[in-house]
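Here is the structure we will look at, set down as structure tokens.
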Number of protein chains: 2
Amino acid sequence: MEQSSNIEEQDLSLKLFVVLSRAMESITKRVEEDIRRYGLNPTEFAVLELLYHKGDQPIQKIGTKVLLASSSITYVVDKLEKKSFIERKPCPRDRRVTYAVITNEGTELMNEIFPKHKEAIQDIFAGLNNSEKDELIKQLKKLGLYAEEL
Amino acid sequence: MEQSSNIEEQDLSLKLFVVLSRAMESITKRVEEDIRRYGLNPTEFAVLELLYHKGDQPIQKIGTKVLLASSSITYVVDKLEKKSFIERKPCPRDRRVTYAVITNEGTELMNEIFPKHKEAIQDIFAGLNNSEKDELIKQLKKLGLYAEEL
DNA sequence: TTCATTAATCTCGAATTCGAGATAATTATA
DNA sequence: TATAATTATCTCGAATTCGAGATTAATGAA
């Protein structure tokens with residue numbers, strides 16, 4: 001009896017995991033389609049958005065915020081720099097540090113595409129009304145925090 | 001007024017997207033940790049689990065179920081075959097087709113690790129009670145279906 | 001001050017995934 | 001039947017990410 005209810009609980013959790021994964025797949029696919037329209041990949045967009053909204057960042061800080069290994073950050077920053085959307089600027093106080101700085105071109109790009117991106121997200125999530133979204137945010141936060149702290 | 005409420009809605013959707021992405025990151029990290037304990041990566045596990053639970057599959061069918069390009073399936077099947085967990089078996093009726101078939105070794109592995117995997121998932125999702133999970137499943141399905149059909 | 005530790009960035013090679021195109025077999029059509 | 005279109009699998013090269021280790025700089029302790 002204890003046993004069987006544990007099994008049922010496990011099945012429910014597994015089902016939630018499957019449904020969550022599938023939903024994420026569908027949503028990610030749409031969001032990526034949107035981002036690629038702007039000639040960026042999701043990582044490039046995330047880095048550019050960080051600099052756009054949060055200002056200049058030491059390269060290593062970027063890694064902690066977008067969850068990338070330092071070697072991957074080097075790669076992405078190289079690409080964005082080649083596209084002239086960001087620049088590297090050495091830190092005068094600490095010569096180990098290099099800042100990633102968004103250029104005018106990068107800012108102009110984001111001025112143009114970020115509103116479109118928000119609209120796309122809005123469309124993708126239009127299957128729920130506002131109070132359902134509020135509720136979902138609350139539950140997902142609970143879930144995420146719990147998993148993070150395991 | 002119409003304008004401002006649209007903006008708020010967009011912000012809410014964006015927030016939901018961010019929270020969903022973060023939750024998924026945390027959960028995925030834990031699930032991957034679990035799977036790597038068994039000497040598999042997530043894709044290998046997914047393929048093996050498919051064959052374990054659904055029986056032999058034409059290689060191309062695997063791709064549609066675990067959402068991988070055909071070239072990626074070839075790669076994963078090669079790896080699982082090298083590890084002796086699956087075998088390729090030509091289809092006698094259609095010589096274009098090759099079946100992926102789980103071996104005794106593969107079945108024994110899954111007999112051992114799948115219950116552990118379910119426990120791990122159970123632990124990861126223990127931040128919610130059963131009725132919250134039910135509710136979350138319902139909303140995520142709605143969201144996923146909507147995004148899929150866009 | 002000198003030496004050890006810590007920190008930031010980069011290089012390199014491996015792993016994984018994809019898309020385009022090749023090959024071979026089957027099915028549909030004229 | 002001969003030809004065209006479709007299907008299944010694979011090969012190959014590019015893109016992305018990672019981890020380990022190298023380099024350089026800053027900081028802390030003796």
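Throughout, protein chains are lettered first and strands after them, A, B, ... in sequence-line order, and every chain is numbered starting at 1. We use all heavy atoms of the structure for the numbers below, so side chains are in, but hydrogens, waters and symmetry mates are not. Predicted model only: the values in this text are computed from it and were never measured.
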Between [N] atom [atom2] and [X] atom [atom1], what is the distance in whole Å?
X	N	atom1	atom2	result
Lys89(A)	dT9(C)	NZ	C1'	19 Å
Arg88(A)	dA8(C)	CZ	P	16 Å
Lys61(B)	dT7(D)	NZ	C1'	12 Å
Gln60(A)	dA7(C)	CD	C1'	8 Å
Ile59(A)	dA25(D)	CD1	C1'	15 Å
Ile62(A)	dC10(C)	CD1	P	10 Å

Salt bridge (Lys or Arg N to Asp or Glu O under 4.0 Å) evaluation trace for Glu135(B) with Lys138(B): CA-CA 5 Å; Glu135(B) 185 60 24; Lys138(B) 200 189 303 173; 3.6 Å; yes

Carboxylate-amine/guanidinium proximity below 4.0 Å for Glu33(A) and Arg30(A): yes

Cationic N near anionic O, under 4.0 Å, Glu25(B) to Arg22(B): yes

Check: dT7(D) base within 3.5 Å donor-acceptor of Arg96(B) side chain: yes

With sequence neighbours excluded, residues passing salt bridge (Lys or Arg N to Asp or Glu O under 4.0 Å) with Asp134(A): none

Asp34(B), Thr28(B), Ile27(B) screened by side-chain contact (heavy atoms from CB on, under 4.5 Å) with Val31(B), the one that passes: Ile27(B)

Show which side-chain atoms of residues 62-74 of chain A pair as donor or acceptor with protein atoms under 3.5 Å away, not counting sequence neighbours.
unit_1: Thr64(A); atom_1: OG1; unit_2: Lys61(A); atom_2: O; d: 2.8
unit_1: Thr74(A); atom_1: OG1; unit_2: Ser70(A); atom_2: O; d: 3.2

Protein proximity profile, nucleotides 14-22 of chain C - base contact B, sugar-phosphate-only contact S, no contact -, cut-off 4.0 Å on heavy atoms: -SBBBB---

